[in-house]
Amino acid sequence: MTIRKVLIANRGEIAVRIIRAAHDLGIETVLVASEADADSGATRMADKVVVLGPAPSKASYLVPELIVHAALSTSCDAVHPGYGFLSERAILPELCDKHGLRFIGPKATTIQSLGNKVAARKIAKASAVPLVKGTSNITDKEKAKREAETIGYPVLMKAASGGGGRGMFVASDEKDIDAQFESASKEAEEAFGDGNLYLEQYIENARHVEVQIAGDGKGRAVHFGDRDCSVQRRYQKMIEEGPCSIMSDTSRESMRSAAVKLMADLNYSNLGTVEFVYDPKRDEFFFIEVNTRIQVEHPVSEQVSGVDLIKLQFALAEGNPNVLPAQNQIVIKGHAIECRINAEDPENNFFPSPGRIANWSPPQGSGIRVDSHCFSGYQVPPFYDSMIGKLIITAPDRNAAIARAIAALENFSIEGIKTNLNLLLDVLRDQCFRDNRFSTKWLENDFLNSHVRD
Ligand code: ADP
Ligand code: ADP
Ligand code: MG
């Protein structure tokens, strides 16, 4: 089925990104927007805008019935969910199926089964993907302490239905479990409607490495290389790069193959990412989860593979398996680094900094890509995620990419609100970052302590 008109169920930079891909393909675009998002780079580009409701996401972007109604009343034939919001909720593809709309993503049943991390671990195990030691759901503190003893401290308590780092904490001993078990469960219940927690062995000094996958829904899957997303704060990524340059070629190949096998075994359709923690000391990797959607950092893989992944999402959703390239046609070349630009104040505990952008002047030039919905005069609303854009740098190798990223950040001017631009610059100039000697805890435990005062 050819897609003629798509409804974009998202906002911000990813809405802009999807509209660009759709227009390249000659597909008409309808964008939903909350009342707070009536004027943005995305609404200015879309062919039509449907105002969904008031600013809070619970009254707009998170209501599947409103999204499907907007799609039907504007004669769309497909829905793209972007990331965040409803993108990993099976209810949206279910409703789309019911009303004859094409959902641009995996099948509802796949989203459902991989959305629970305990279930996802079982699925990964069945495909022989390496796992860290872990448990099933744990309903009380005492059981958590017994299980942690068996696994061995430190352990990581996670929300079974979690995302965005919520409901997660590291426990070094049983006192940590006593102190945090209930609040984590409550946080998970509030955020995901599922308060179930489980335990994993905590890999210390680990890196976060993930593999970008596309599948045809008929048992064939390919990868578009790996990304290292180890510069994190509160389990949220800040800088992502690809390929991961500290892995041995043997481990890299087996990690990529494990990810491909897992997704092929699942008859996975459309795009997804298999996330791993990587232990550089032992050169070992372990499965953590599958993200059943396009990710924030997908441009890293686009830049090193030369493939437009959003266009590929559209093509796969049209149902033609021949659009999936063969693995040997996907050539990974060069190095890309993405910096997430946030409206926040790193000098004041990363407090969000919404408001009017008086001046927005992004850098330009060879190897510089900026994905954003902002412009001079744009009003950053206070209701949503603080990310306002992404700077994506491409160069022949990692050192050249770092140098180019520094120059680009120095030429990026955003006035009127606080941003993390200077912090990104400091990270890129830091010797540990340049030497590739850091872990997922480095930014908050080492770097920020020496650079920023609360
Ligand atoms: P979310 O759904 O919030 O993305 P993840 O399970 O992907 O949660 O974990 C978030 C981050 O926590 C990872 O990017 C990684 O830095 C860290 N992490 C997750 N599992 C482990 C583990 N077993 N050991 C060490 N770090 C981990
Ligand atoms: P990744 O895609 O790398 O897993 P995240 O987990 O940070 O990265 O991406 C999803 C997160 O993005 C959500 O948890 C949410 O906080 C945030 N998010 C959701 N929608 C938007 C949006 N339109 N713009 C920016 N950020 C968003
Ligand atoms: Mg994750």
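Count residues from 1 along the sequence. Read the numbers this way: they start at 1 and go in the same order the structure lists the ligands and their atoms.
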Checklist entry - Is a salt bridge present between Arg227 and Glu240, judged by a nitrogen-to-oxygen distance below 4.0 Å? => result no

Checklist entry - Is it true that Arg293 and Glu88 have a side-chain N and a carboxylate O under 4.0 angstrom from each other? => result yes

Checklist outcome for this item: For Thr440, the atoms of ligand 1 under 4.0 Å from one of its heavy atoms are 16 (O)

Checklist entry - Would you say Asn449's side chain and Asn445's backbone share a donor-acceptor pair under 3.5 angstrom? => result yes

Checklist entry - Which residue pairs satisfy the side chain to side chain donor-acceptor pair (under 3.5 Å) criterion with at least one member in residues 109-134, sequence neighbours excluded? => result Ser127-Asp265

Checklist outcome for this item: The atom of Glu275 among N, O or S that is nearest the Mg ion (ligand 3) is OE1

Item to check | Salt-bridge criterion met for Lys141 and Glu174 (N-O under 4.0 Å) | outcome: no

Checklist outcome for this item: In ligand 1, the atoms that come under 4.0 Å of a heavy atom of Tyr202 are 24 (N), 25 (C), 26 (N)

Item to check | N or O contact, Val132 vs ligand 1, cut-off under 3.5 Å | outcome: no

Checklist entry - With backbone taken as N, CA, C and O and side chain as the heavy atoms from C-beta onward, which portion of Leu156 lies under 4.0 Å from ligand 1: side chain, backbone, both, or neither? => result side chain

Item to check | Main-chain N/O of Cys244 paired with Asp226 side-chain donor or acceptor, under 3.5 Å | outcome: yes

Item to check | Sequence-distant partners of Asp435, salt bridge (Lys or Arg N to Asp or Glu O under 4.0 Å), two or more places apart | outcome: Arg437

Checklist entry - Quick one: which ligand 1 atoms are inside 4.0 Å of a heavy atom on Glu200? => result 20 (N), 22 (C), 23 (N)

Checklist outcome for this item: The atoms of ligand 1 lying under 4.0 Å from a heavy atom of Ile288, numbered in the order shown, are 7 (O), 13 (C), 19 (C), 20 (N)

Checklist entry - Would you call the rings of His80 and Phe314 parallel, tilted or perpendicular if under 30° counts as parallel and over 60° as perpendicular? => result tilted

Checklist entry - Any idea which atoms of ligand 1 are less than 4.0 Å away from a heavy-atom of Met168? => result 8 (O), 9 (O), 10 (C), 12 (O)

Next on the checklist: Check for me whether Lys237 has a heavy atom closer than 4.0 Å to any atom of ligand 1.
Outcome noted: no

Checklist entry - Is the shortest side-chain N to carboxylate O distance from Asp446 to Lys441 below 4.0 Å? => result no

Checklist entry - For Glu289, what is the atom name of its N, O or S atom nearest to the Mg ion (ligand 3)? => result OE2

Checklist entry - If you measure every N/O of Ala206 against every N/O of ligand 1, is any gap under 3.5 Å? => result no

Checklist entry - Should the proximity of Arg166 to ligand 1, defined as any heavy atom under 4.0 Å, be assigned to the side chain, the backbone, both, or neither? => result neither

Checklist entry - In terms of the angle between their ring planes, are Phe447 and His451 parallel, tilted or perpendicular, with boundaries placed at 30° and 60°? => result parallel

Checklist outcome for this item: Counting from 1 in the order shown, the ligand 1 atoms closer than 4.0 Å to a non-hydrogen atom of His208 are 13 (C), 14 (O)

Next on the checklist: For the 3.5 Å polar cut-off, considering only N or O atoms, please tell me whether Gly164 and ligand 1 meet it.
Outcome noted: yes

Checklist entry - Purely on distance, is any nitrogen or oxygen of Gln201 under 3.5 Å from one on ligand 1? => result yes

Checklist entry - Any idea which of Ala120, Gly134, Cys229, Gly165 brings a heavy atom closest to atom 3 (O) of ligand 1? => result Gly165

Checklist outcome for this item: Closest heavy-atom approach to atom 11 (C) of ligand 1 among Phe276, Tyr278, Tyr235 is made by Tyr235

